[in-house]
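As structure tokens, the structure follows; a few thoughts come after it.
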Amino acid sequence: MAIITLTTDFGLKDAYVASMKGVILGKNPDAKIVDISHEIYPQDIKQATLVLSAAYPYFPEGSIHVVVVDPGVGSDRRILCLKTKKAIFLAPDNGILAPIIEREKDAVLRVVQNERFFLKSVSATFHGRDLFAPVAAHLSTAQVFKDLGPLATGYERHGYPDPVLRQDVIEGEIIYIDRFGNLISNIEISHFGHRKVPPCDVTLGKHKIERSVTYYAEAKKDEIVALINSSGYVEIALRDGSARNKTRAKMGTKLTMHW
Amino acid sequence: MAIITLTTDFGLKDAYVASMKGVILGKNPDAKIVDISHEIYPQDIKQATLVLSAAYPYFPEGSIHVVVVDPGVGSDRRILCLKTKKAIFLAPDNGILAPIIEREKDAVLRVVQNERFFLKSVSATFHGRDLFAPVAAHLSTAQVFKDLGPLATGYERHGYPDPVLRQDVIEGEIIYIDRFGNLISNIEISHFGHRKVPPCDVTLGKHKIERSVTYYAEAKKDEIVALINSSGYVEIALRDGSARNKTRAKMGTKLTMHW
Amino acid sequence: MAIITLTTDFGLKDAYVASMKGVILGKNPDAKIVDISHEIYPQDIKQATLVLSAAYPYFPEGSIHVVVVDPGVGSDRRILCLKTKKAIFLAPDNGILAPIIEREKDAVLRVVQNERFFLKSVSATFHGRDLFAPVAAHLSTAQVFKDLGPLATGYERHGYPDPVLRQDVIEGEIIYIDRFGNLISNIEISHFGHRKVPPCDVTLGKHKIERSVTYYAEAKKDEIVALINSSGYVEIALRDGSARNKTRAKMGTKLTMHW
């Protein structure tokens, strides 16, 4: 079995995603293609990293994760392929893979250059179909990782602001808002260190968050709460409603925890 | 073959659905996963029941239908597994399965408790990934229904208002609005009884519906019509347009049929 | 392997698409179903043709492409099945297939009439589930094309306006706007003939397009450019943004090229 996952900003209304799937199935009829998300906000590299990072640990060993959020398509930006013990990642060299490269031990990073693995005719505007899809299909059928191109000697980074850690304070910010209006911050449980897991005072912008809970249903009706979400991040939620709509917080709104 | 269908309110932009699929494929690489809908309005249990009920009769025998619309996640709400002659259903005990339990003969209902079938680490906020997905995968590979937990002695109900049936009148209401703006009522063809299938007088809120037809194209341009839809419900439709936009009807708007 | 692709205006929130998939998998458990798009604007036949035409050339030989954008469902509009050397197409006779019929050589066109391939009970409003899905499934398991019905002696056409070609001028218009706000015209590279590939003067409505480029990233920040897109059409794009939002162009806005 070969699982190929797709994460793009292509949306689902146009033919872009399906064209990639057609190319993949043409080269590997047995590929199992799984959509991670195609609703990445156009060209939002950071969102792509977050969504992929939340999903990929749950896929079986050997899965191939393709990310096409690619504002530099057609330019001389490189395409990277990262091979870890458990998975292969394929993405433009625009920062998407940086946090995964830094998190995964023993990973090998290559620059994808070997045109043998591309479609014969490569357009200037749709490398998802013409390069990423056929390369992923080849990776799913044979041990061609070494043949893709040379080892990479560096890679682009993009920076989510890391939270600021002080003695009794962590200052972070909202970096993702999900479908439910849950506000996800850049503060991870690993940042807590000696500080105890909440309860502590949590402030979102000008809102004092009244309470920290373990799960959504623990909150009272219309109560805004803080919790550790299923990916290990501090999240602000409203029971049966949208914390975004209620607090008007947005990407970048400050989240502060005081012990 | 094992088909596992998913019905959730997770939407498609976040990593939630893909994480469930990763877990399922990790336990059963041969599972065929089919999305029923992930656009259930957040926490809308009734909508989940309606959408699932419209789709599941068309799936082959042995399909496993997983529903995660779960405002009580993390609390002590139970998880139910319903086994009928044709299919298995897995959902929180919040009313989603009630109409199916009452419709399907010879069904067996169990409470899912056996942690052996869960992920090793269960989060408090994402049981879709940590409980529902692995349980469904196990069900798809072996006869483990009996091992999930004890027989259930009851279950939660939620109530769509039943239509009121009088001698020459049926009073119902709009309970679902589809993508096209078709207005679907809670009046089913089975409610007609001795009353003849339309023509009859149909009133939607303050609108008199001029005509009953058999199919959309039978309507004239800009004509609002009543028909029996493909699931057996009375529906109000506008040819080549949105009956919702034209009538401004919404969920709960009264629909009355006079003979 | 049998690939069945689906292109509909059903959206993803309702049970329509899943019901079709259930029917297909019930008749052919090995079918690989690929969504092309379900976000065709309701009843927009032209958009369906464009999206399908962009995707189908990338699918492997033998793929079966089902299109259900069907404002005439239930009426006496016919259902057509087109068999080309590479693929099979199934759609209502409402113009969707016309450009493909005219493009594909050696294609055979039949009217689908044989009720043996339909569901036993056919609703008046949902032929996607009751006719198209089971016919596609049968086509994917056996050589039944000839048995579907008689050869068609004609077919409906719908017309995108062809661009007007003059000595040094091509006058076209915008016929599709993709998720990114890229404006796609009806001018194809094949229309250029003796005229040289841009640079030339390009005018969109009242906007003079400053420059023609090969790929998006070649544009400067906030620059509107013209390019040949990955399907061979002249497209107006804005780097890292939406050309639609910036120019306020819409479907039908004129696009003129002067040499």
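Here the structure is a predicted model, which is why all the values come from computation and not from measurement. Worth knowing before you read on, the calculation uses all heavy atoms, side chains too, and leaves out hydrogens, waters and symmetry mates. Letters A, B, ... mirror the listed sequences (proteins, then strands); counts begin at 1.
The aromatic rings of Y16(C) and F10(C) lie tilted to each other, with the angle between the two planes from 30° to 60°.
Atom NZ of K86(B) is surrounded by more than 12 heavy atoms from other residues, nucleotides or ligands within 6.0 Å. Enclosure of atom CZ in R248(C) is not indicated, since only 12 or fewer non-hydrogen atoms of other residues, nucleotides or ligands lie within 6.0 angstrom. Within 6.0 Å of atom CD in E115(C), 12 or fewer heavy atoms from other residues, nucleotides or ligands are found, so the atom counts as exposed in its surroundings.
Contact annotation for R129(C): only side-chain heavy atoms (C-beta onward) come within less than 4.5 Å of a heavy atom of chain B. For chain C, the nearby part of I177(B) is the backbone; its heavy atoms alone come within less than 4.5 Å. Heavy-atom distances place both the backbone and the side chain of S19(C) under 4.5 Å from chain B. For L50(B), no part lies near chain C; criterion is any non-hydrogen pair under 4.5 Å. Looking at V23(C), both its backbone and its side chain come within 4.5 Å of chain B, counting heavy atoms on both sides. For a residue to count as touching a neighbouring chain, one of its non-hydrogen atoms must lie under 4.5 Å from one of that chain's; by this rule D9(C) touches chain B with backbone and side chain alike.
With E223(B) contributing its side chain and A219(B) its backbone, the two residues share no donor-acceptor pair below 3.5 Å.
Ranked by non-hydrogen atom pairs under 4.5 Å with chain B, the options P71(C), G72(C), G26(C), S75(C) are led by S75(C). Heavy-atom pairs under 4.5 Å with chain C were tallied for T5(B), T7(B), D178(B), L12(B); the largest tally goes to D178(B). By number of non-hydrogen pairs under 4.5 angstrom with chain B, the leading residue of K27(C), M20(C), K13(C) is K13(C). Between chain C and the options S242(B), G232(B), S230(B), heavy-atom pairs under 4.5 Å are most frequent for S230(B).
R110(C) is linked by a salt bridge (charged side-chain N to carboxylate O under 4.0 Å, His left out) to nothing, counting only residues two or more places apart in sequence or in another chain.
Between Y56(B) and F89(B), the distance from one ring center to the other falls under 6.0 angstrom.
Scanning residues 33-43 of chain C against chain B with a 4.5 Å heavy-atom cutoff picks out H38(C), E39(C), I40(C), P42(C), Q43(C), ordered by number.
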For R77(C) and E156(C): C-alpha separation, side-chain torsions, deciding distance, then whether salt bridge (charged side-chain N to carboxylate O under 4.0 Å, His left out) applies.
CA-CA 10 Å; R77(C) 69 87 186 85; E156(C) 295 293 316; over 6 Å; no
Where do D130(C) and S123(C) land on the side-chain hydrogen bond (donor to acceptor under 3.5 Å, both in side chains) test, with the steps shown first?
CA-CA 7 Å; D130(C) 303 339; S123(C) 70; 2.6 Å; yes
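Scanning all heavy atoms of the two residues, the minimum distance from G172(B) to N186(B) falls at CA-OD1, 3.2 Å. Pairing each heavy atom of I96(B) with each of T49(B), the nearest pair is O-OG1, 3.0 Å.
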